[in-house]
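First up is the structure itself, then whatever we jot down about it.
A note on names: the letters A, B, ... follow the listed sequences, proteins ahead of strands, and every chain is numbered from 1.
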There are 2 protein chains.
Amino acid sequence: MKYQKIKPFIKHSNSRNYKRGEIIYAQDSLPTSLYFIESGTVGLFHNSSNGKEVFLRVFGKGSIFGHRSYFANSPYHANSMALGNTSIIIISNEECQRICKEHPELLMEMVSQLAVDLGQAELRLAGVHDKTVAQRVSESLVFLKLRYPDQVWTRKEIADFSVTTFESVARVMTLLAENNIIQKNGRDFIINDLEKLINFNI
Amino acid sequence: MKYQKIKPFIKHSNSRNYKRGEIIYAQDSLPTSLYFIESGTVGLFHNSSNGKEVFLRVFGKGSIFGHRSYFANSPYHANSMALGNTSIIIISNEECQRICKEHPELLMEMVSQLAVDLGQAELRLAGVHDKTVAQRVSESLVFLKLRYPDQVWTRKEIADFSVTTFESVARVMTLLAENNIIQKNGRDFIINDLEKLINFNI
DNA sequence: CGTTAGTTTGAGGCAGATCAACTTTGGTGG
DNA sequence: CCACCAAAGTTGATCTGCCTCAAACTAACG
């Protein structure tokens, strides 16, 4: 969901800056606001009791986040964390309610966004069952690199996004590099053959 | 999302009956309507190219379904299938659009529902990573039996809901029965100890 | 240039999938 | 109402993809 559509209607808001690794809101806490990214990137990470982490969604410049829990009216099911220097605009509950009431056309926008996200989440769920780790990692590389070309993703982040371990990501990436499908560049990488990367397996 | 909230606004609709196993709409086809369950139960099953199936959501009497793809404006990502004799009311696209326009308060209802469903889908995604098959199967038994006590779920359906195989479900259920946590009753089962079932592992 | 966080690679183990053979269930039609 | 049979379930044996643990290496930042 894009900030630009809502921006004209906002009368009051606060702004805050975060550095890489800082938590913007914490899993299990209650939502009180909506968040917008003025600049930077934010990741949504679910942490389970046994220490495993899953990277649920990424938000870039101009995106709204924190809306799922806000509208579900339930505690956050994940931490939101800055993935670099990030500037966030915070809209209070009162302001959100006013805007929703005065501009119902934005609700349809929100319905549409959530419907798309639900579809993606369910396809990822199915993907864990029917795709190999190599396939999931390859797809994650495509998604993360094309959507956020300036972000240097760690193996851990790619692993959490692919629902696997960072060792498995390292192995797949070594294999991809050996086949010239990607090219490692320090901790970063570039995609040499997008077609092969999309269809990679074993 | 409950039919009762929308029912008063519907002027035109069609009705159709389905028997167990019949497909109501097919994965990859385009949504043209919204569906309501007058009686019966409907399952949403994603099928992947390699033949694996994942049971994404269940809908009971009074529920709306087909709304995710409808509002995402994208092809269905799963088959919807009658899980028993089921009577469905079909609302055309034109009728949906009219109702959405005339009754924006329903949109907030839809936002809320989708936000809850997205949270559940993402927690299931995380669960595949951080829970054992025994835990996932136990949770599925709790959910499916408490929510739909009259439905006799096959091992395959429970497996697809738990993102595992029917053999694994059979093994877990045998173990649960040996510990008197559940009791098998033909193909059905009853829950003897809900607390232990919720927290079951290994 | 030292330190720390991140990465690579190997070896080994195991949870759960797969394959296979057999049993049970419950609906159907004679 | 019972006999039949296809569909569903059970159970054992085996296999394997991926995780885990470990150890050495390297990039990046102050």
Side-chain angles (χ1 to χ4, degrees), chain A residues 19-22 48 50-55 81 83-85 126-138 140-141 144 150-178 182-190 200-202, chain B residues 19-21 48 50-55 81 83-85 126-138 140-141 151-178 182-189 200-202:
Chain A
K19 288 202 288 266
R20 176 171 172 81
E22 289 188 321
S48 55
N50 63 23
K52 297 207 174 166
E53 198 162 46
V54 175
F55 187 173
M81 191 169 74
L83 296 173
N85 290 334
V128 180
H129 197 213
D130 62 39
K131 288 172 182 161
T132 64
V133 161
Q135 286 177 297
R136 298 204 304 276
V137 169
S138 299
S140 296
L141 293 178
L144 293 171
D150 298 333
Q151 184 77 23
V152 179
W153 301 101
T154 67
R155 305 298 188 254
K156 172 81 164 68
E157 285 162 352
I158 298 165
D160 290 346
F161 199 83
S162 310
V163 193
T164 183
T165 59
F166 66 90
E167 295 98 324
S168 288
V169 170
R171 279 181 244 270
V172 171
M173 287 181 74
T174 297
L175 206 57
L176 288 167
E178 282 168 3
I182 66 169
Q183 194 172 323
K184 292 191 204 177
N185 185 10
R187 283 171 182 170
D188 199 5
F189 70 98
I190 59 169
F200 187 73
N201 197 14
I202 298 175
Chain B
K19 288 202 288 265
R20 176 170 172 82
S48 55
N50 64 22
K52 296 209 175 164
E53 198 162 44
V54 175
F55 187 172
M81 191 171 73
L83 297 172
N85 290 334
V128 180
H129 198 212
D130 62 39
K131 288 173 180 159
T132 63
V133 161
Q135 286 177 297
R136 297 204 306 276
V137 169
S138 299
S140 297
L141 294 178
Q151 184 76 24
V152 179
W153 301 101
T154 66
R155 306 297 189 255
K156 171 81 164 66
E157 284 162 353
I158 297 164
D160 289 346
F161 199 82
S162 309
V163 193
T164 182
T165 58
F166 64 89
E167 294 99 325
S168 288
V169 170
R171 278 182 244 271
V172 171
M173 287 182 74
T174 298
L175 207 57
L176 288 167
E178 282 168 4
I182 66 169
Q183 194 174 322
K184 292 191 205 176
N185 185 11
R187 285 171 181 167
D188 200 4
F189 69 98
F200 186 74
N201 197 14
I202 299 175

Could you give the distance from CD1 (Ile182(A)) to CD1 (Ile190(A)), rounded to the nearest 0.5 Å? 9.5 Å
Closer than 4.0 Å, any side-chain N/O of Ser168(A) to the OP1 or OP2 of dC19(D)? yes
What is the separation between atom CE on Met173(A) and atom P on dA27(D), rounded to the nearest whole Å? 14 Å
When only distance counts, do a donor and an acceptor, one from the side chain of Arg171(A) and one from the base of dG10(C), lie under 3.5 Å apart? yes
Take the protein atom CD of Gln135(B) and the nucleotide atom P of dG16(C), then report the distance between them rounded to whole Å. 9 Å
Of Arg20(B) and Asp188(A), whose nearest nucleotide on DNA chain D comes first from the 5' end? Arg20(B)
Just N and O in the side chain of Thr164(A): are any of them under 4.0 Å from OP1 or OP2 of dC18(D)? no
Nearest-angstrom distance from the residue atom CH2 of Trp153(A) to C1' of dA28(D): 19 Å
Considering only dT8(C), dA8(D), dT18(C), which nucleotide approaches the side chain of Lys184(A) most closely? dT8(C)
Quick check for you: among dA28(D), dT20(D), dT9(C), whose closest atom lies nearest to any side-chain atom of Arg187(A)? dA28(D)
Tell me whether the OP1 or OP2 atom of dT18(C) has a side-chain N or O from Lys52(B) closer than 4.0 Å. yes
I need the NZ-P distance between Lys131(A) and dC18(D), as an integer number of Å. 14 Å
dT8(C) phosphate, OP1 or OP2, under 4.0 Å from Arg155(A) side-chain N/O: yes
Listed nucleotide nearest any side-chain atom of Thr132(B), set dG16(C), dG26(C), dT18(C): dG16(C)
Residue of the set Ser168(A), Ser140(A), Ser138(A) for which side-chain hydrogen bond (donor to acceptor under 3.5 Å, both in side chains) holds with Ser162(A): Ser140(A)
Pair Thr174(A), Lys184(A): side-chain N/O donor-acceptor within cut-off below 3.5 Å: yes
Tell me: CZ of Phe166(A) to P of dT26(D), nearest whole Å? 17 Å
Using a cut-off of less than 4.0 Å, is there contact between a side-chain N or O of Thr165(B) and OP1 or OP2 of dG16(C)? no
Options dT8(C), dC21(D), dT18(C), nucleotide nearest the side-chain atoms of Ala170(A): dT8(C)
Lys19(A) NZ - dG30(D) C1' separation (whole Å): 14 Å
How many Å lie between NZ on Lys156(B) and C1' on dT10(D), as a whole number? 17 Å
How do Glu167(A) and Val133(A) order along DNA chain D: which one's closest nucleotide is nearer the 5' end? Val133(A)
For the atom pair CD (Gln151(A)) and CG (Asp188(A)), what is the distance rounded to the nearest 0.5 Å? 9.5 Å
Below 4.0 angstrom, N of the basic side chain to O of the carboxylate: do Arg155(B) and Glu167(B) qualify? no
Separation of dC18(D) C1' from Ile202(A) CD1 (nearest whole Å): 14 Å
